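Each chain gets a letter, A, B and so on, in the order the sequences are listed, and its residues count up from 1. The structure presented is a predicted model; accordingly, all values stated were derived computationally and were not measured.
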Amino acid sequence: MNLNIKREELLISQLANLLKNDNHVAVGAASPIPGAAALLAKEEAKNFNKRLRVTILHSNKYNNFTDGARELFDCAAQGRIDTFFLGGIQIDGNANINLVGTGEYPNVDKRFPGSFGSPLMYFVVPQIILFREEHSPRTLVKNVDFISAPGVSDDNIYRPGGPKYLLTNRALFKFNKKQKKFSLFKLNMNETLDSIIELTGFDFDVDKDLSEMDLPDKTRIETLRKCIAPMVSEFYPEFANRIWGV
Amino acid sequence: MNLNIKREELLISQLANLLKNDNHVAVGAASPIPGAAALLAKEEAKNFNKRLRVTILHSNKYNNFTDGARELFDCAAQGRIDTFFLGGIQIDGNANINLVGTGEYPNVDKRFPGSFGSPLMYFVVPQIILFREEHSPRTLVKNVDFISAPGVSDDNIYRPGGPKYLLTNRALFKFNKKQKKFSLFKLNMNETLDSIIELTGFDFDVDKDLSEMDLPDKTRIETLRKCIAPMVSEFYPEFANRIWGV
Amino acid sequence: MKSFEEFTVKEIVDQIEDGILLGIPADYSGVPMTFTKELINKGVKNLKLYCLPLTTIQGDMLIGSGCVSEIETAAVTLGEFGLAPRFSQAVENGKILIKDSTCPALHAQLQATEKSVPFMPLRGVVGSDVQKNRKDWQIISNPMKSSGVENEPILLLPAVQLDVLVFHASYADRNGNIQIGRRRELATLAHASKKVFVTVEEIIDTDFFENELSAATCLPALYIDGISVVKNGAWPCKLPGVYESDNDEIKKYSIAAKTQPSFNEYMKQFLKS
Amino acid sequence: MKSFEEFTVKEIVDQIEDGILLGIPADYSGVPMTFTKELINKGVKNLKLYCLPLTTIQGDMLIGSGCVSEIETAAVTLGEFGLAPRFSQAVENGKILIKDSTCPALHAQLQATEKSVPFMPLRGVVGSDVQKNRKDWQIISNPMKSSGVENEPILLLPAVQLDVLVFHASYADRNGNIQIGRRRELATLAHASKKVFVTVEEIIDTDFFENELSAATCLPALYIDGISVVKNGAWPCKLPGVYESDNDEIKKYSIAAKTQPSFNEYMKQFLKS
């Protein structure tokens, strides 16, 4: 069976696998792949007579909030959001993320937008999935130049949440909180342990069950293309058009 | 000219005199006389091309708030309310007010509803007018049994607001913050300094300009009866009916 | 397809265990009186009531019926019908623990939970007997170097999380969103509660979120654990914008409640109604 | 009778003095672009921008035009059109002071002013370089005996009061109430500002408070110091529910803004438009 699965579809499928136990997934701005994954997981949950709530901040329709822009953060702090996605211009081996810039702060060499809500969300949402498509030594670094939000905290710090996974174009890592270290878990097609070692700036463990990323089956691909694509086109029209021509 | 001015009308008129410099007057629940006074002051301000905003919590129409029940307190804390009215089952010579009960707390001899918002409002609203119709040794006492809100505070305590006047059926007092003492300012008809001394449980000074309460003139009484009475009947129907038969 | 849990009032009452901290809405926020009646019928005990910021007959009836061990409130009153007699007597006789508070403090303690911070600061209140009698409140010297005068005392209020909130509202939509309009204190209450149940006059076949303006009037379904349709569910209290309070009934109550025996008589009838 | 001050945009701009702390709404809250254009035309200097919680071309243009000395924000970005070039370069070259923050902290600092408390606590953030670079933030050990673990560090954020807030909205009513719908962060901004001016698409001859539901969608007139009618006043940004952003124009800007000379060229045209 050749479904001509696209790279983006494969990534969406990986993320959807991680949302199966959730009641409420929230997706920040400019995140079409996480957004599509959340909607796919919501659709699939119906088959198990389960309700998954999806909040997509970029969309009016999937924005469940009515208390203004602060409600996402309050809601997360209350423990009402199970999964949230964060990115990073740099991510390091301790799961520290940098959304601010490279070089020495404050007058960095290259300035990026800023930390957004990450310094809170990373602490309070139980499952943070780090998602950064580019997998290279410049994105996955030994130490970030600026810690927008730390991967781990001391025991006396209130932290019910934190990093659980890191997904890139090439691989899926689990994060081990005790060892403060990522563990390679899934490889994209055409990737090997060696290629990942070469392209990753930090040390990582290798999961004993390391395997290839599961391909989405025909049912999932059909759900994605027929049912989810039109939804996505509503709030990420450019993305939906590029991937699915809708 | 005999306008047959009623007791309530005279009190409304006294209160309206105190609101002339205000931009925003707020009135709590169950306060028909302060409510009528605020609306009268608002109407009269128009003659000077001035806008007085009136918030009457008991009314939907004169409720300017949209942020839920906390907005009154936030708004007052922001300094956006110039005058608010407070009562008290007991009021003492230091302008301490008691809305909780008589006797020893907590299992008081007679329990009243509670302190409502007074412990904050008394601190932050620049002009608090104490209003208690009954003027007797049991309401105006030497020391209140329970301080719902203190009349004065130490200098290191944030307190832009506090008591400015106390109006009863019989008299109007000014409050002198420095001396922590009331000063008798206006007498109702048929009252004398001696009658007030006899009926007041606390010591007070006498203002050098002590005089009788000014009677409302014909224009004011007409405004009150023709224009304000129907407004009041909307949110204090029983009161408006009793006083004005509307 | 309804995408929320629809309950009977009895099923909501089944969720109320002895000893829980129960959120009590003010008379203007939608008092769940039918629920309260069933709660008294069940004979629940040792409730702790957290009023935002006050209660009227709901609290007075629960206290008179022996369901309450503790109440945190800014006031209990029957409004124009006078004092709340069962409350007053229970306090005078030491039958319930009264945690006297003030409206802004009751809001702030819930806002602390809304943000998951351990406390909220509040100005004012310092030096009152309200403050002096609250052992769970703390006063610290303002630690913020950039603000205030020297040694400014600041009141810290602990975060309070409610076990259950129940209120009555006019409408839910087909997705379980509740129309609350300007009564945004209900959102604060819901955000700070582990469980939220709502009785409504009607579930209407619409989606409040289809339109930005009607969305703005809602408490989102994500905070709601169950909904029950109860016509006149606030009676004899008012449901703002839908019906006024039944003043004859409240007056009748205010007279009957003056003594425990006549209260008991009244309640016998009321619980059957 | 209109019961509020109606201004021209120029009259609003006249209220903006050099060096003030100016509230900047996010792209979803109604960006006052016509006002911004006139502000740049006036040549205002040393503005401090407080973004709730981010800014797009409004902030980038003000920075590129030399109007800004300091910015407190969670992000500056052109969204799908990439980085904000004038912001990025100004930070890289040390031309402006950047106070990096995070969305919940920007909200909480205004909420402190909303309540007139000197600070607000926040959890999270501790240990980040965001926190470590903010000398105006303080960390204390949780003073609340009843909560938290031992020696739990708690971040305290100072209350921030804005000098002026300006935003763009769809409608004002005849009494000067502003329809904000779900954009309730505008209420927080307004509560925390000394002066608030609003540009609107239209003033409509109605009273939003006549109806409880439409009242719930409003920012009350009592917080508003002046209103100016400006058709398309958010262009090229979107006005949610009324018009989308003009992506062609923003793309054009994003390219032109890559260097200061081509930014200057672009602005010459833009300021005349």
**Prompt:** Is the side chain of C/E150 donor-acceptor paired with the backbone N or O of B/N156 at a distance under 3.5 Å, no angle test?
**Reply:** no

**Request:** Over all heavy atoms of both residues, which pair between B/A69 and C/Y28 is shortest? Give the atoms and the distance, please.
**Result:** CB-OH, 3.5 Å

**Prompt:** Given that the side chain runs from C-beta out, which part of B/A149 has a heavy atom under 4.5 Å from chain C: side chain, backbone, both or neither?
**Reply:** backbone

**Item:** chain C contact via B/Y105 - side chain, backbone, both or neither, heavy atoms under 4.5 Å
**Value:** side chain

**Fill in**
Applying a strict 4.5 Å limit to non-hydrogen atoms, the region of C/I98 in contact with chain B is both

**Request:** Measure from the side-chain N and O atoms of C/S128 to the backbone N and O of B/P119, and report whether any donor-acceptor pair falls under 3.5 Å.
**Result:** no

**Asked** Cut-off 3.5 Å, side chains only: do B/Y158 and C/N142 have a donor facing an acceptor?
**Response** no

**Request:** Take atom CZ of B/R7 as the centre, draw a 6.0 Å sphere, and report whether it contains more than 12 heavy atoms from other residues, nucleotides or ligands.
**Result:** yes

**Message:** Taking NZ in C/K251 as the centre, count heavy atoms belonging to other residues, nucleotides or ligands within less than 6.0 Å. Is the count above 12?
**Reply:** no

**Within-4.5 Å side-chain heavy-atom neighbours: C/N133 and B/F146** = yes

**Prompt:** Counting only N and O atoms by type, is there a donor-acceptor contact under 3.5 Å from the side chain of B/R111 to the main-chain atoms of C/P85?
**Reply:** no

**Item:** Separation between CD of C/E92 and OG1 of B/T102, rounded to the nearest 0.5 Å
**Value:** 8.0 Å

**Item:** Region of B/D67 that comes under 4.5 Å of a non-hydrogen atom in chain C
**Value:** both

**Prompt:** Looking only at heavy atoms, which two atoms of B/F112 and C/F87 are closest? And how far apart?
**Reply:** O-CE2, 3.9 Å

**Fill in**
Within residues 123-136 of chain B, the residues sitting under 4.5 Å from chain C by heavy atom, in sequence order, are B/F123

**Fill in**
The reported gap from CG in C/N151 to CD1 in B/I157 (rounded to nearest 0.5 angstrom) is 11.0 Å

**Prompt:** Checking heavy atoms, do the side chain of B/R70, its backbone, both or neither come under 4.5 Å from chain C?
**Reply:** both

**Item:** C/Q260, CD atom: more than 12 neighbouring heavy atoms under 6.0 Å
**Value:** yes

**Prompt:** When rounded to the nearest 0.5 angstrom, what is the spacing between CZ in C/R184 and CD in B/E71?
**Reply:** 10.5 Å

**Request:** Select, from C/L122, C/V125, C/L106, C/V126, the one with the greatest count of heavy-atom pairs under 4.5 Å involving chain B.
**Result:** C/V125

**Backbone N/O of C/V91 and side chain of B/N107: donor-acceptor pair under 3.5 Å** = yes

**Complete:** Bottom line for B/V144: the part with an atom under 4.5 Å from chain C's heavy atoms is neither

**Prompt:** Rounded to the nearest 0.5 Å, how far apart are OH of B/Y122 and OG1 of C/T102?
**Reply:** 14.0 Å

**Asked** Which region of C/T188, side chain (C-beta onward) or backbone (N, CA, C, O), has a non-hydrogen atom less than 4.5 Å from a non-hydrogen atom of chain B, or is it both or neither?
**Response** side chain

**Item:** Nearest-0.5 Å distance that lies between atom CD in C/E152 and atom CG in B/D155
**Value:** 12.0 Å

**Request:** Sort B/N63 into side chain, backbone, both or neither according to what part of it lies under 4.5 angstrom from a heavy atom of chain C.
**Result:** both

**Fill in**
Honestly, the part of C/Q111 sitting under 4.5 Å from a heavy atom of chain B is side chain

**Asked** When you measure from the side chain of B/S115 to the backbone N and O of C/A74, does any donor-acceptor pair fall under 3.5 Å?
**Response** no

**Prompt:** Are there more than 12 heavy atoms of other residues, nucleotides or ligands under 6.0 Å from atom CG of B/N21?
**Reply:** no

**Student check: side-chain heavy atoms of C/T77 and B/F116 closer than 4.5 Å** = yes

**Prompt:** Among C/P153, C/A105, C/P104, which has the most heavy-atom pairs under 4.5 Å with chain B?
**Reply:** C/P104

**Message:** At a 4.5 Å cut-off on heavy atoms, which part of C/D100 comes close to chain B: side chain, backbone, both, or neither?
**Reply:** both

**Check: C/R183 side chain, B/G68 main-chain N or O, donor-acceptor pair, under 3.5 Å** = no

**Asked** With chain B, which of C/V149, C/V130, C/I154, C/L54 has the greatest number of heavy-atom pairs at distances under 4.5 Å?
**Response** C/V130

**Asked** Roughly how far, to the nearest 0.5 Å, is SG of C/C103 from CE of B/M121?
**Response** 9.0 Å

